[in-house]
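A short write-up of the structure that comes next.
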Amino acid sequence: MMSGFDTSVFSQPKSNLLKKVIFAFLGVILMGIGIAFNACANLGSDPISVFSYGIHSFGGVNLGTAFNVTNYTLLFIVLIFGRRYINIGTLIHALFLGAFVNLGGDLYAGVKILFLPLTGFNDIVFRIAMAVVACFLLFFGTALLIAANIGLDVWTGLAMLLRDQTHKEYKFFRVAIDVFSLMAGFFLGGRPAIGVTTVLAALFGGPIIQSFVNLIKKSIFSVIKLKNNDI
């Protein structure tokens with residue numbers, strides 16, 4: 001059954017909503033750069049990114065375009081069947097993530113040119129360092145989007161939609177989506193995106209993101225007077 005949009009986000013004070021939009025947008029910027037850094041470091045990416053990397057390899061398009069193809073397709077599906085899960089943050093994530101992934105790729109190349117000669121790092125040390133930075137950016141950016149609480153990303157929206165249609169638990173579909181993304185990405189040509197970071201992200205990503213969400217709410221949001229009961 002088709003659902004209606006959730007407009008409750010617009011009932012809060014405009015100043016609060018504006019702050020949340022800014023944080024969500026910043027979160028998507030960090031996510032895009034983190035995804036690109038992981039891809040360029042070539043030590044592994046999270047399962048969702050492996051799927052887009054597979055599209056990138058199979059279709060011969062740049063990585064940002066691959067993310068756009070995936071996100072726009074899922075946005076269309078959720079828009080039809082579960083539009084209550086679409087909100088401002090969802091649109092920011094779906095429409096702009098690909099552009100920031102491409103930006104992150106250019107930024108990585110610039111950082112490599114700048115730092116490798118100056119620091120004397122060898123390539124593997126540099127790649128490990130960038131993978132650590134990438135995971136921090138991806139996890140913290142994801143936490144910003146979650147803490148802003150103005151819309152789910154399209155993958156989470158899809159999981160919620162499947163939960164509603166089957167009446168099974170959300171966590172079942174979250175795991176199923178990760179497994180599907182990893183396998184589909186692998187067979188589409190995303191094997192280079194699978195590595196140690198993929199495993200670490202799967203094991204520790206959730207707890208780290210949750211810790212960042214709590215930190216953001218208790219520190220950053222309290223400083224700018226965005227109350228916890230408003231987020």
Side-chain angles (χ1 to χ4, degrees), residues 24-74 92-145 153-155 177-178 180-206 208-209 212:
F25 203 85
L26 177 60
V28 172
I29 292 174
L30 296 181
M31 290 169 68
I33 295 174
I35 289 168
F37 274 29
N38 258 336
C40 293
N42 200 28
L43 294 173
S45 299
D46 62 279
I48 299 299
S49 297
V50 170
F51 179 75
S52 292
Y53 195 96
I55 294 177
H56 153 70
S57 300
F58 182 80
V61 297
N62 64 47
L63 191 57
T65 300
F67 271 91
N68 284 339
V69 169
T70 302
N71 286 344
Y72 294 169
T73 302
L74 291 180
I92 292 173
H93 179 273
L95 298 179
F96 296 105
L97 182 64
F100 293 124
V101 170
N102 284 337
L103 174 65
D106 295 335
L107 184 60
Y108 182 95
V111 171
K112 185 174 183 179
I113 292 173
L114 178 63
F115 279 94
L116 271 180
L118 291 179
T119 59
F121 287 170
N122 60 36
D123 184 63
I124 186 61
V125 173
F126 177 79
R127 287 164 53 203
I128 292 173
M130 289 299 98
V132 172
V133 172
C135 288
F136 171 81
L137 294 175
L138 177 58
F139 296 159
F140 192 77
T142 302
L144 280 173
L145 181 62
D153 65 89
V154 289
W155 287 98
I177 285 173
D178 282 345
F180 167 81
S181 300
L182 194 60
M183 294 179 62
F186 177 87
F187 287 111
L188 285 171
R191 184 174 181 178
I194 301 174
V196 63
T197 307
T198 310
V199 177
L200 294 176
L203 292 176
F204 302 110
I208 293 174
I209 290 170
F212 279 151

Would a line drawn from the ring center of Phe212 to the ring center of Phe139 be shorter than 6.0 Å? no

Does the side-chain contact (heavy atoms from CB on, under 4.5 Å) test come out yes or no for Thr197 and Cys135, once each step is laid out? CA-CA 8 Å; Thr197 307; Cys135 288; 3.5 Å; yes

If you round to the nearest 0.5 Å, how far is OH of Tyr108 from CD1 of Ile113? 11.5 Å

Passes side-chain contact (heavy atoms from CB on, under 4.5 Å), Ile208 versus Phe140? Steps please. CA-CA 8 Å; Ile208 293 174; Phe140 192 77; over 6 Å; no

Give a yes or no on whether the ring-centroid distance for Phe58 and Tyr53 is below 6.0 angstrom. no

Does some side-chain heavy atom of Met31 sit less than 4.5 Å from a side-chain heavy atom of Leu137? no

For the student: nearest non-hydrogen atoms of Ser45 and Thr198, plus distance: O-OG1, 2.7 Å

Qualifying residues under side-chain contact (heavy atoms from CB on, under 4.5 Å), relative to Ser52, sequence neighbours excluded: Ala66, Phe67, Thr70

Does the plane of the ring in Phe100 sit parallel, tilted or perpendicular to the ring in Phe96? Use 30° and 60° as the thresholds. tilted

side-chain contact (heavy atoms from CB on, under 4.5 Å) between Ile128 and Leu43: does it pass, once the steps are laid out? CA-CA 8 Å; Ile128 292 173; Leu43 294 173; 3.9 Å; yes

Evaluate the side-chain proximity of Leu97 to Ile35: yes if any heavy-atom separation is below 4.5 Å, no if none is. yes

What one should report as the nearest heavy-atom pair of Gly105 and Ala36 is N-CB, 3.4 Å

Spatial distance of atom CG (Asp153) from atom CD1 (Ile92) [nearest 0.5 Å]: 12.5 Å

Audit row: Ile33, Leu138, side-chain contact (heavy atoms from CB on, under 4.5 Å) steps and yes/no: CA-CA 8 Å; Ile33 295 174; Leu138 177 58; over 6 Å; no

Thr65 and Asn68: side chain donor to acceptor below 3.5 Å: no

Verify the distance criterion only: is there a donor paired with an acceptor across the side chains of Asp46 and Ser49 at less than 3.5 Å? yes

Heavy-atom nearest pair, Ser181 first then Pro47, reads CB-O, 3.4 Å

Enclosure of Phe204 CZ (heavy-atom neighbours >12, cutoff 6.0 Å): no

What distance separates Leu144 CG from Ile209 CD1, expressed to the nearest 0.5 Å? 11.0 Å

Working to the nearest 0.5 Å, report the span between OG1 of Thr142 and NE2 of His93. 7.0 Å

Please verify the inter-ring angle class for Phe51 with Phe180; under 30° counts as parallel, over 60° as perpendicular, anything in between as tilted. tilted

